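For reference, the structure is listed below as structure tokens.
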Amino acid sequence: METHELKTWPEYFEPLLRGEKTVELRKDDRGYAVGDTLILREYDPETGQYTGRSCTRLVTHILRGEPWLQPGYAALSVVDTEKEGALERVAQAAKSGAIA
């Protein structure tokens, strides 16, 4: 399981923080896998600076490729590990063989 630090624009960061946005659409260039941790850092493209705010999410499912996405992109389903107890669920799924 890897940790990925990612820029997130303010209009996408706020819904993540509130728990309303549970999917990240990303270029699939980092070898994302179920169980990976995303550190999403709010980045203001107008100033070219990070705002100092961040949140951590756990990848629970990945959808890749056609017909739903353009080649080279992935939809990462994410949960807030602190609010959902997700780490325990992923660990249990890994033990049962549900996650390869």
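Numbers here are sequence positions counted from 1. Just so it is clear, the structure is predicted and the values come from calculations on it, not from any experiment. As a basis for the values below, the full set of heavy atoms in this structure was taken, side chains included, without hydrogen atoms, waters or symmetry mates.
Summarising the geometry of Arg64 relative to Ala74, their closest heavy-atom pair is CG-CB, 4.1 Å, with the distance given to 0.1 Å. Closest heavy-atom contact between Arg26 and Leu76: CG-CD1, 4.2 Å. Nearest heavy-atom pair across Thr60 and Val34 is O-CG1, 3.8 Å. Taking every heavy atom of both residues into account, Tyr43 and Pro10 meet most closely at O-CD, 3.0 Å. Of all heavy-atom pairs spanning Lys27 and Tyr32, the tightest one is O-CE1, 3.5 Å.
Using a 4.5 Å heavy-atom threshold, the side chains of Tyr12 and Leu40 count as separate. Residues Leu16 and Glu24 form a side-chain contact, since some pair of their non-hydrogen atoms from C-beta on lies under 4.5 Å apart.
In this structure, Ile62 CD1 and Leu69 CG are separated by 11.5 Å, a value rounded to the nearest 0.5 Å. Put simply, CD on Glu42 and CD on Gln49 are 12.5 Å apart, with the number rounded to the nearest 0.5 Å. Rounding to the nearest 0.5 Å gives a distance of 11.5 Å between CG of Leu38 and CD of Glu2. Rounded to the nearest 0.5 angstrom, Leu58 CG and Thr3 OG1 are separated by 10.0 Å.
The 12-atom threshold is exceeded at CD of Glu11, counting heavy atoms of other residues, nucleotides or ligands nearer than 6.0 Å. The local environment of CD in Glu20 is crowded, with over 12 non-hydrogen atoms from other residues, nucleotides or ligands closer than 6.0 Å.
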Let me see the working for Asp36 and Met1 under side-chain contact (heavy atoms from CB on, under 4.5 Å), right down to the final yes or no.
CA-CA 5 Å; Asp36 284 358; Met1 291 183 231; 4.2 Å; yes
Could you walk me through whether Arg57 and Asp80 satisfy the side-chain contact (heavy atoms from CB on, under 4.5 Å) test, starting with their C-alpha distance in whole Å, then the side-chain angles of each, then the deciding distance to 0.1 Å, before giving a yes or no?
CA-CA 5 Å; Arg57 298 293 183 264; Asp80 182 338; 3.5 Å; yes
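Hydrophobic clustering places Leu63 together with Leu25 (ILVMFWY residues linked when any side-chain heavy atoms are closer than 4.5 Å, directly or through intermediates). By the criterion of side-chain heavy atoms lying less than 4.5 angstrom apart, applied directly or through intervening Ile, Leu, Val, Met, Phe, Trp or Tyr residues, Tyr73 is not grouped with Leu6; the two fall into different hydrophobic clusters. By the criterion of side-chain heavy atoms lying less than 4.5 angstrom apart, applied directly or through intervening Ile, Leu, Val, Met, Phe, Trp or Tyr residues, Val23 is grouped together with Trp68 in one hydrophobic cluster.
Salt bridge present: Arg53 and Glu14 bring a charged side-chain N and a carboxylate O closer than 4.0 Å.
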